[in-house]
There are 2 protein chains.
Amino acid sequence: MIEKSIQAITEPRRRDILHLVRDRELTSSAIASHFDISAPAISQHLKVLEEAGLVVVRRAGTKRFYGLRREGFAELMQYLGSFWDDSLLRLKEAAEEEEKKRRQSDDIHQQ
Amino acid sequence: MIEKSIQAITEPRRRDILHLVRDRELTSSAIASHFDISAPAISQHLKVLEEAGLVVVRRAGTKRFYGLRREGFAELMQYLGSFWDDSLLRLKEAAEEEEKKRRQSDDIHQQ
DNA sequence: TTATTATTTAAGTTGACACTAAATTAAGTG
DNA sequence: CACTTAATTTAGTGTCAACTTAAATAATAA
């Protein structure tokens with residue numbers, strides 16, 4: 001799946017599509033209107049994104065609404081992050097430290 | 001550059017190469033020995049990675065040592081992260097909050 | 001049912017890219 | 001300089017992915 005999602009985000013238009021559906025669902029044709037390529041081409045891109053687990057479809061009548069699949073992103077980001085990163089690792093550690101503190105204070109409150 | 005680095009990490013062998021040079025420098029031939037493709041093929045991959053700013057070369061006699069270029073990764077990760085992510089955003093906020101607290105306490109100490 | 005709208009699937013073309021083998025460059029060493 | 005080692009560049013080939021147009025599917029309305 002990771003392999004597919006990495007492949008998927010390589011194509012610039014697919015990244016543009018992901019941007020478009022990031023905060024709202026859009027139909028295939030609404031997405032297509034933002035590009036100068038044909039509707040079938042967009043449909044094919046959406047298929048790739050869907051098979052990569054990065055978008056999901058919701059059918060409503062003749063329309064199909066595409067939206068971001070956050071779990072897919074999370075998985076991809078986790079992979080890319082764990083792959084090498086430094087700054088991300090430091091961010092994680094900082095967040096975990098914060099989380100630890102939070103939990104400790106919760107424990108105190110609960111006792 | 002971002003475009004090139006995204007392109008670069010799409011190829012599975014190139015990600016393998018990045019893994020190999022992650023913690024140590026390696027020569028082109030040392031890298032090639034890990035794969036069953038020809039030396040020129042590896043050389044071409046290294047060129048792509050270098051042009052993407054993800055590896056750097058250090059010449060030493062007839063040998064060329066390849067190593068990870070962390071700034072390139074940082075840039076790529078930042079882009080990929082800022083692109084969409086949630087959990088990463090939350091991590092960032094937590095880290096920034098932490099940073100803010102740290103700075104405030106520094107200010108107090110400095111006065 | 002016929003027509004309309006929304007979208008996908010199919011078939012075929014083109015260009016990009018990963019590969020190979022052969023030739024070339026680069027930096028020593030005898 | 002000739003030779004060796006390390007690696008790259010060049011030229012050519014095959015595969016794959018993104019696009020096109022045309023045909024097919026899906027849901028609904030007249």
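Naming convention: chains lettered A, B, ... in sequence-line order (proteins, then strands); numbering from 1 in each chain. In what follows, every heavy atom counts, from backbone to side chain, and hydrogens, waters and symmetry copies are set aside.
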Starting at [atom1] of [X] and ending at [atom2] of [N], how long is that distance when rounded to a whole Å?
X: A:Glu3; N: D:dA17; atom1: CD; atom2: P; value: 11 Å
X: A:Ile17; N: D:dC19; atom1: CD1; atom2: C1'; value: 13 Å
X: A:Arg14; N: D:dA18; atom1: CZ; atom2: C1'; value: 8 Å

Self-check item: Nearest-nucleotide comparison on DNA chain D, the residue closer to the 5′ end among A:Gln7 and A:Pro40
Solution: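 Mapping each residue to its closest nucleotide by heavy atoms, the 5'-most match is A:Gln7.
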
Quiz item: Hey, where on DNA chain C does chain B first and last touch, going 5' to 3'? Cut-off is any atom under 4.0 Å from a heavy atom.
Solution: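 First-to-last contact on DNA chain C, by the 4.0 Å heavy-atom rule, is C:dC17 to C:dG28.
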
Exercise. May I ask you to say what B:Phe65 touches in the nucleic acid, namely base, sugar-phosphate or nothing, with a heavy-atom cut-off under 4.0 Å?
Key: nothing

Quiz item: Taking a hydrophobic cluster as the set of Ile, Leu, Val, Met, Phe, Trp and Tyr residues connected by side-chain heavy atoms closer than 4.5 Å, whether directly or through intermediates, do B:Val57 and B:Leu68 fall within one such cluster?
Solution: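 Same hydrophobic cluster.
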
Quiz item: Side-chain N or O of B:Ser28 less than 4.0 angstrom from OP1 or OP2 on D:dT8?
Solution: yes

Quiz prompt | Close approaches to DNA chain D from residues 43-64 of chain A, in residue order (heavy atom, under 4.0 Å) | solution =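 Within this stretch, A:Gln44, A:His45, A:Arg59, A:Gly61, A:Thr62 sit under 4.0 Å of the strand.
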
Quiz item: Between A:His45 and A:Arg14, what is the shortest heavy-atom contact and its length?
Solution: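 That closest heavy-atom pairing would be ND1-NH1, 3.1 Å.
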
Quiz item: Do the charged groups of A:Glu3 and B:Arg15 touch, with an N to O distance under 4.0 Å?
Solution: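 B:Arg15 and A:Glu3: salt-bridged.
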
Quiz item: What residues, two or more places apart in sequence or in another chain, satisfy side chain to side chain donor-acceptor pair (under 3.5 Å) together with B:Ser33?
Solution: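 B:Ser33: no side chain to side chain donor-acceptor pair (under 3.5 Å) contacts found.
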
